[in-house]
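Since the structure comes first, as structure tokens, the remarks are kept for the end.
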Amino acid sequence: MSAAKRRWVPWSVIGAAVAAAASAQTAPAPRFSGVATTVAVNRSNGMVAVLAGGTLAVYPSVSAASPASRIELPGRDPRLLEFCGPNLRYVTHDVQGMAQVFVAITAEGRERLAWPNSGLSDLFPTADSRLTRDGKGLYGFLPLDPAAREYFGLPADIPTGAGVAATFRFAGEKLLARASSAFAGVVALSPDDMILALGGGGLMRYRSPGGVAWKREGSGGTWRIADVDQAAGTVAAIDGAGTVTVTALESGEERGRCALSGAAVADARLLSDGRVLVLAAGPRPRAAILDAGTGRPAGEQPAALFARHGLGSVYDAWLAKASSLDGLVEAGSGAGAALLLHGADGWYLAPESGGATASPPLP
């Protein structure tokens, strides 16, 4: 080639290209890949369920190289929703003439209940019903109207429009319902054990049998239960002003309060080491990990954690659209804890400082 036809490229451009190529080669891959892949972590035992296509894989831990079981799910476009105790809940479509059906199954694939279910009622369970935290049943919250009053057998002196907290136990198909105009929401620890949010502020624990275990009045308007950590014995609730209150499950005593400066907390999760993960959504979204007692930032923060693992852009993209913490999930516990982040092409794993080493990506 003659000198006239040679094309010289500046070293700065060559260096940038080499750096870009090296970066592309070392970019972290999703731990669980797939645009439509859904993941649920079992907080009681650290198992991780991954649904890709129509195949549900259940891993002993987030770092396990292979699943303990694989289950083929029926229908079209199934989506995994949660994993509590021995059972999972998912939603699927176009099954036996039903456009949408919710299903609770064991981790081995045995069906516990599918709904809507004509043998029960259109009232409960519904699309909003969730697994109790022990996984042994379902719970939900609905307004008291004539149909609900008759179905649950609730007394006439409870005013119409009151909140109804209902549970269904898989074993024996047992229903339990409590209603009050003070109820604003519920999370059921078991089919017989409920934590209730109160409309005027505060929480109440109700057990059957036994009745009210404790009731704690609060302030800041209607409270919403964001998370429960039974291992730590705490419940996190967000008041109407966007402040998180952490309460002891056994006594109802306040353990601490957390707030973000200049922003209301939209969602919160209790981490296994006692800290609180919070999210402020809206025009300027941000996430932080706070000390439950002091409310101050504690430990490595989410932005720094994901940046350290080369996932800063994935985290920024998730945060820009986040309205809840459903796409940022803790996996493992204690020193082996990590955060799973839902990205555009799958779920990315970021072990916390001093935690487990990164695991290889799985298909």
Side-chain angles (χ1 to χ4, degrees), residues 28-34 36-73 78-90 104-110 130-136 227-234 269-277 289 299-300 302 305-306 308-311 314-315 318 325-343 345-363:
R31 172 62 172 152
F32 305 111
S33 62
T37 295
T38 47
V39 172
V41 177
N42 192 317
R43 292 174 68 166
S44 64
N45 55 27
M47 297 179 72
V48 180
V50 181
L51 177 57
T55 303
L56 175 67
V58 180
Y59 293 86
S61 69
V62 74
S63 60
S66 59
S69 64
R70 292 186 187 273
I71 305 162
E72 295 300 319
L73 301 184
R79 184 164 54 92
L80 184 60
L81 299 173
E82 57 182 339
F83 190 2
C84 298
N87 296 318
L88 304 104
R89 179 175 63 98
Y90 70 91
I105 61 171
T106 67
E108 294 75 36
R110 181 167 61 91
R130 302 190 61 177
L131 290 172
T132 56
R133 291 306 176 97
D134 65 358
K136 295 181 179 180
D227 196 17
V228 177
D229 185 347
Q230 289 179 264
T234 52
R269 295 291 184 272
L270 295 164
L271 300 181
S272 59
D273 61 6
R275 296 179 297 162
V276 184
L277 173 65
I289 298 177
E300 190 172 25
L305 172 66
F306 287 106
R308 179 165 61 84
H309 287 283
L311 297 170
V314 179
Y315 173 76
W318 168 81
L325 288 168
D326 291 346
L328 186 58
V329 183
E330 185 181 29
S333 61
L339 291 179
L340 277 169
L341 175 67
H342 191 194
D345 55 351
W347 291 76
Y348 291 83
L349 183 67
E352 297 182 43
S353 298
T357 57
S359 301
L362 296 174

Option passing side chain to side chain contact (heavy atoms under 4.5 Å, CB included) with Arg269 (candidates Asp326, Leu328, Ile289): Asp326
Report the residues that fulfil ring-ring contact (aromatic ring centres under 6.0 Å, His included) with Phe83, sequence neighbours left out, ordered by chain and then residue number. none
Mind checking side chain to side chain donor-acceptor pair (under 3.5 Å) for Glu300 and listing every partner two or more places apart, or none if nothing turns up? Arg308, Ser353
Should the pair Trp347 and His342 be assigned to parallel (<30°), tilted (30 to 60°) or perpendicular (>60°) ring geometry? parallel
Partner residues of [X] under the salt bridge (Lys or Arg N to Asp or Glu O under 4.0 Å) criterion, sequence neighbours left out:
X      : answer
Asp134 : none
Arg275 : Asp273, Glu352
Asp345 : none

Who are the side chain to side chain contact (heavy atoms under 4.5 Å, CB included) partners of [X], not counting sequence neighbours?
X      : value
Arg89  : Leu81, Glu82, Phe102, Trp115, Arg130, Leu131
Thr106 : Asn87, Glu108, Arg110, Arg112
Thr55  : Arg70, Glu72
Thr234 : Asp229, Ala232, Val246, Arg255, Leu270

Are the side chains of Leu73 and Ile105 in contact, using a 4.5 Å heavy-atom criterion? yes
